[in-house]
**Q** 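Structure in structure tokens, see below.
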Amino acid sequence: MKLFVDTGSIKDIETIAALGILDGVTTNPSLLAKEPGEFHENLKRICNIVKGPVSGEVTATDFAGMIREGHDIAKIDDHMIVKVPLTRDGIRACKALSGEGIRVNVTLCFSSAQALLAAKAGATFVSPFVGRLDDIATNGMELIREIVQIYDNYAFTTEVLVASCRHPIHVVEAAKMGADIATCPPSVIDAMFNHPLTNIGLEKFLKDWEKAHAVKA
Ligand code: E4P
């Protein structure tokens, strides 16, 4: 299973990439708007750090605008993935860009019906938002189970990119269901490391080691 970080922060991406467990990056207009600097340049820097798929989203809502922006984004670097929203124009743009060999991530997916359309349009990735579904009292992970099953039934090659992850359980459930990727904010990746028994165990190992060496000395 691949792990992506969902952020526009170059500092956070550098820190997580240095751990050696990062496969890619997802951004969206809200995340990039928070960062200083020009967004094309920021995306280029992110590609140089992660050397894996980096999603950059179009802000146009019409087909022609999405194609124009999609070409611009794809030109930044070979690692760039063009992110389009799951609208009629977005699906049409996905089909056209994918046809040109540009990889597309169809975002803002909230139903299995939408995920089916993304796969049929040749999306490389589909991004179902689990946390935002949970927020409205709908089980986000149930949607992942359905999409994985549907894609398996028909051997669609579109990868299920579990987005809007809010805690490590989302990631673990996604892995159990066979989703391809989870994208998480840095705080969730950080939380995946934590277990009190690891800290307690390490503290004891080191204390015992020091004690034994103090006796010998
Ligand atoms: C996915 O690509 C989105 O950028 C992201 O996961 C949205 O997450 P949020 O619901 O926490 O904003």
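Whatever order the structure lists ligands and atoms in, that order sets their numbers, starting from 1.
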**Q** Suppose we screen for side chain to side chain donor-acceptor pair (under 3.5 Å). Which residues come up paired with T26, at least two apart in sequence or across chains?
**A**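 Side chain to side chain donor-acceptor pair (under 3.5 Å) check on T26 returns D6, T183.
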**Q** As an exercise, identify every atom of ligand 1 less than 4.0 angstrom from a heavy atom of A163.
**A** 1 (C), 6 (O)
**Q** Closest heavy-atom contact between E57 and P29?
**A** OE1-CD, 3.4 Å
**Q** Regarding K204 and D208, does a basic nitrogen lie under 4.0 Å from an acidic carboxylate oxygen?
**A** yes
**Q** Among T158, V126, V162, V160, find the residue that satisfies the side-chain contact (heavy atoms from CB on, under 4.5 Å) test when tested with D180.
**A** V160
**Q** Among all protein heavy atoms, pick the one closest to atom 7 (C) of ligand 1 and tell me residue, atom and distance.
**A**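 I find the closest protein heavy atom is F129 CE2, 3.6 Å.
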**Q** For residues D134 and H170, is any side-chain donor paired with an opposing acceptor at under 3.5 Å?
**A**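 Yes - a donor-acceptor pair under 3.5 Å links their side chains.
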**Q** Who's the nearest protein heavy-atom neighbour of atom 12 (O) of ligand 1, and how far?
**A** R132 NH2, 2.8 Å
**Q** Nearest protein heavy atom to atom 2 (O) of ligand 1, by residue and atom, and its distance?
**A** K83 NZ, 2.6 Å
**Q** Does T27 reach ligand 1 with a nitrogen or oxygen that is under 3.5 Å from one of the ligand's nitrogen or oxygen atoms?
**A** no
**Q** So, are K207 and E203 salt-bridged, with charged N and O less than 4.0 Å apart?
**A** yes
**Q** Within a distance under 4.0 Å of any heavy atom of R166, pick out the atoms of ligand 1 and give their elements.
**A**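 Those qualifying, in numeric order: 9 (P), 10 (O), 11 (O).
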**Q** Regarding E41 and K44, does a basic nitrogen lie under 4.0 Å from an acidic carboxylate oxygen?
**A**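 The answer is no: the pair does not qualify as a salt bridge.
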**Q** To check your reading of the model: name the closest protein heavy atom to atom 4 (O) of ligand 1, its residue, and the distance in Å.
**A**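 Result for atom 4 (O) of ligand 1: N28 ND2, 2.7 Å.
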**Q** Closest non-hydrogen protein atom to atom 5 (C) of ligand 1, residue and atom name please, with distance?
**A**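 For atom 5 (C) of ligand 1, the nearest protein heavy atom is D6 OD2, 2.8 Å.
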**Q** Quick one: look up the protein heavy atom nearest atom 8 (O) of ligand 1 and list residue, atom name and how far away it is.
**A**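 The protein heavy atom lying closest is S164 CA, 3.4 Å.
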